[in-house]
Amino acid sequence: MLYFFGEDDMRPEDQLIGRRREKLAKLREMGVEPYPYRFQATHTSREVKDEFDALSSARDPVSLAGRIMSIREHGKTCFSHIQDGEGRIQIYIRRDVVGNEAFSAFKLLDIGDIIGVRGTVFRTRTGEITVEVRSFQVLCKSLRPLPVVKEKVEGDKRIIYDPFTDKEQRYRQRYVDLIVNPDVREVFRRRTEIIRVLREFLDERGFLEVETPVLQPVYGGASARPFVTHHNALDMDLYLRISNELYLKRLIVGGFEKVYEFSKDFRNEGMDRLHNPEFTLLEAYQAYADYHDIMDLTEDMLSHAAEEVLGTTKLVYQGTEVDLTPPWRRIRMLEALEEEVGVDPRELSDEALRKLCLSHGLDVDGGMGRGKMVDKLFDEVVKPQLVQPTFVVDYPVETSPLAKRHRDDPELVERFELFVSGMEIANAFSELNDPEDQMRRFQEQMRLRERGDEEAQVLDRDFIRALEYGMPPTGGLGIGVDRLVMLFTDMPSIRDVILFPHMRPE
RNA sequence: GGGCCCGUAGCUCAGUCGGUAGAGCAGCGGCCUUUUAAGCCGUUGGUCGCAGGUUCGAUUCCUGCCGGGCUCACCA
């Protein structure tokens, strides 16, 4: 029990909390309930500002609720800002208006407390729209001190003083980040908006949104190591999905011709500014389409999203202008590579290819297949150059076991990846629907696995069985939603667009 | 996992070439009836991330550990 200790024994933070507990007790003594059940607001802060002219001339009372973000006591009056879901608004409270008792109660409030106020709207001498409080109600007493971020507006510039910047605390205590950093709230609003627009786009084109298993007995659809979990009743291991691709294609077999899912996927790998162990992938499949159709779809969808969410297809990412206005550049993977290194990797022996990789500082081990080496080389020399939206098409068959062979070249597959600002944003292909070729590809993956490639894909017999019933020619698409949000919000790290990014335990 | 950097008051940061620390904001006590980074006067608050080592003495130097950031590697 805290009460049994003197202040001398308390941690300084507990002293601050103790002060607030004392105020809480005083409020209760005054008959104020600090945690009531509801409050009926008539307006939001934004509505009060938008409707200021009508509200102020009619002297109509408004009521609104929010969190106290600043307090400026001024003798027998007090100015304060409260923050609701849409912004901040100043309130002005006078002892001669609310009465002695209410004014004393108000003085027991702290930054961080949540109140409801009722009053009339006016403009202060300095021009700020303000609610003159007639009455107020405590809606929640807060016990823990909030970082106090001050802000000065000079013309159109906002100068922030003592911003709450500690990344660890911001990610661990995102609620605090959201309270004190309005820009962070804006990022996540925009994230939701982006997802809404993508969903709308697909719905309008007749795609069916579906849900597929997160817990899978056989994981597949991507090259990655999975998280393993255990089902007690069945006494069996299950995997958290690394992709939902194989399930969505089963649905195409089943006769749905256009399906999509916003899929939270899990990959048991390292994390950096582009990778979080759990992330959101939008996958979409369209029957009777090939990767050219999917390229057009992707271009339409993402430029449309930019137009809807940003109001333009030109954006700035980390200081560089990116123009998403279609059409986007399309280049062949091996040609792009040849342009950078001066030789078509297919003309090189395994050994020469390995040497080329080494000369670019790449760490290639003996067991690594040609496909993987080409992939790494591409990532190293080409990918960083792809700032403007670019479709890279036609990949080597080895690294794409679920894609259909290229109609003109059996060593390639009909696959594209979309790069923007050096980031891979989308991955798509003409889906492999030949069950026998699919079986051979799985077997090749198994061989890679036996040679130690832990990311090689595993054989999914039921998926083969499904293909044996027949899947129409199909185009499939995966879009990294988190990265798309990074691009649209100009955020440098994936952790800035995931509300609760993965952290080590405190 | 490698490299570099960081961890000092609730928040943002100084500082100590080794002698156990300081500011602003927040808090607390005053004054102030249109302020706005409100102001003015006064004031509380710290096992300087943790554990060892060196030393008469460590927050400062060294080592290890924990947590974080950036980066490379791994990886979509």
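Letters A, B, ... mirror the listed sequences (proteins, then strands); counts begin at 1. Everything numeric here is computed off the predicted structure, so don't read it as measured data. Atoms considered below: every heavy atom in the structure, side chains included; atoms not considered: hydrogens, waters and symmetry mates.
With A:Phe52 as the aromatic partner, A:Arg123 meets the cation-pi criteria of under 6.0 angstrom to the ring centre and within 45 degrees of the ring axis.
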Kindly indicate, with the supporting measurements, whether the criterion side chain to side chain contact (heavy atoms under 4.5 Å, CB included) is fulfilled by A:Asp490 and A:Leu315. CA-CA 9 Å; A:Asp490 195 20; A:Leu315 56 89; over 6 Å; no
Dump the intermediate steps for side chain to side chain contact (heavy atoms under 4.5 Å, CB included) on A:Ile494 and A:Met271, then the final yes or no. CA-CA 10 Å; A:Ile494 197 166; A:Met271 33 207 289; over 6 Å; no
Could you please spell out the steps behind the side chain to side chain contact (heavy atoms under 4.5 Å, CB included) verdict for A:Lys404 and A:Arg415? CA-CA 8 Å; A:Lys404 201 164 184 165; A:Arg415 172 182 178 187; over 6 Å; no
Evaluation steps, salt bridge (charged side-chain N to carboxylate O under 4.0 Å, His left out), between A:Arg267 and A:Glu269: CA-CA 6 Å; A:Arg267 297 187 184 174; A:Glu269 288 159 356; 5.7 Å; no
Polar atom pairs between nucleotides 1-6 of chain B and protein, under 3.5 Å, N or O only, would you list them?
none

Please list each protein N or O that sits under 3.5 Å from an N or O in nucleotides 12-15 of chain B, with the distance.
unit_1 : atom_1 : unit_2   : atom_2 : d
B:rU12 : OP1    : A:Asp166 : N      : 3.3

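In this structure, A:Ala222 reaches neither bases nor backbone, as no heavy-atom distance under 4.0 Å exists between it and the strands shown. Using a 4.0 Å heavy-atom criterion, one finds that A:Arg172 contacts the sugar-phosphate atoms exclusively. A:Arg267 comes within 4.0 angstrom of sugar-phosphate atoms only, judged by non-hydrogen atoms across all strands, and of no base.
Distance check on atom C1': B:rU12 versus B:rA73 gives 35 Å, rounded to whole Å. Nucleotides B:rC75 and B:rG7, compared at atom P, are 34 Å apart to the nearest Å. Distance noted for atom C1' between B:rC5 and B:rG52: 23 Å (whole Å). Rounded to whole Å, the separation between the P atoms of B:rG39 and B:rC25 comes to 7 Å. Only the P atoms considered, B:rG30 is 41 Å distant from B:rC17, to the nearest whole Å. Taking the C1' atom of each, B:rU55 and B:rA37 are spaced 46 Å apart, rounded to whole Å. Comparing the C1' positions of B:rA26 and B:rU44 gives an interatomic distance of 12 Å, to the nearest angstrom. Going from the C1' atom of B:rG24 to that of B:rA14 covers 11 Å, rounded to whole Å.
Of the candidate nucleotides B:rC75, B:rG67, B:rG46, B:rG67 has the atom lying nearest to any side-chain atom of A:Glu168.
Atoms CD1 (A:Ile160) and C1' (B:rC11) sit 14 Å apart, rounded to a whole Å. Protein atom CG of A:Asp14 is 9 Å distant from nucleotide atom P of B:rG10, rounded to whole Å. In this structure, A:His502 atom NE2 and B:rC75 atom P are separated by 19 Å, rounded to whole Å. Here B:rU71 presents its P atom at 15 Å from CD of A:Glu380, a figure rounded to the nearest Å. In this structure, the CD atom of A:Glu13 is 17 Å from the C1' atom of B:rC48, given to the nearest Å. When the C1' atom of B:rC72 is taken as reference, atom CG of A:Leu274 falls 14 Å away, rounded to whole Å. In this structure, A:Ile17 places its CD1 atom 9 Å from C1' of B:rG10, rounding to the nearest Å. Atoms CE (A:Met373) and P (B:rC75) sit 13 Å apart, rounded to a whole Å.
Checked for salt-bridge contact, A:Arg21 and A:Asp14 miss the test: no charged N lies under 4.0 Å from a carboxylate O.
Partner A:Asp113 forms a salt bridge (charged side-chain N to carboxylate O under 4.0 Å, His left out) with one of A:Lys107, A:Lys141, A:Arg67 and no other, that one being A:Lys141.
Using the Watson-Crick or G-U wobble rule with both distances under 3.5 Å, B:rG7 pairs with B:rC66. The pairing partner recorded for B:rU35 is none, the criterion being a Watson-Crick or G-U wobble arrangement whose two distances lie under 3.5 angstrom. Searching all strands for a Watson-Crick or G-U wobble partner of B:rC61 with both distances below 3.5 Å returns B:rG53. Base pairing of B:rG27: its partner is B:rU43, meeting the Watson-Crick or G-U wobble criterion (both donor-acceptor distances under 3.5 Å). Pairing partner, B:rG22: B:rC13, with both Watson-Crick or wobble hydrogen-bond distances short of 3.5 Å.
In this structure a side-chain-to-backbone donor-acceptor pair under 3.5 Å is present from A:Thr77 to A:His74.
In this structure A:Phe416 satisfies the ring-ring contact (aromatic ring centres under 6.0 Å, His included) test together with A:Phe391, sequence neighbours excluded. Partners of A:His275 according to the side-chain hydrogen bond (donor to acceptor under 3.5 Å, both in side chains) rule, which considers only residues two or more places apart in sequence or in another chain, are A:Asp272, A:Arg483.
Position along RNA chain B of the nearest nucleotide to A:Ala224 versus A:Pro505 favours A:Pro505 as the more 5'-ward residue. Remark on RNA chain B: of its neighbouring residues A:Glu424 and A:Glu151, the 5'-side contact belongs to A:Glu151, judged by nearest-heavy-atom nucleotide.
More than 12 heavy-atom neighbours from other residues, nucleotides or ligands sit within 6.0 angstrom of CZ on A:Arg330. Environment of CZ in A:Arg329: sparse, with no more than 12 heavy atoms of neighbouring residues, nucleotides or ligands closer than 6.0 Å.
The salt bridge (Lys or Arg N to Asp or Glu O under 4.0 Å) contacts involving residues 165-175 of chain A comprise A:Glu168-A:Arg172, A:Arg170-A:Asp177, A:Arg174-A:Asp177, where partners must be two or more places apart or lie in separate chains.
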If the sugar-phosphate is the primed atoms plus P, OP1 and OP2 and the base is the rest, what is the B/S/- string for nucleotides 26-35 of chain B, using protein heavy atoms under 4.0 Å? SSS---BBBB
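Summarising the geometry of A:Ile179 relative to A:Arg185, their closest heavy-atom pair is O-NH1, 3.3 Å, with the distance given to 0.1 Å.
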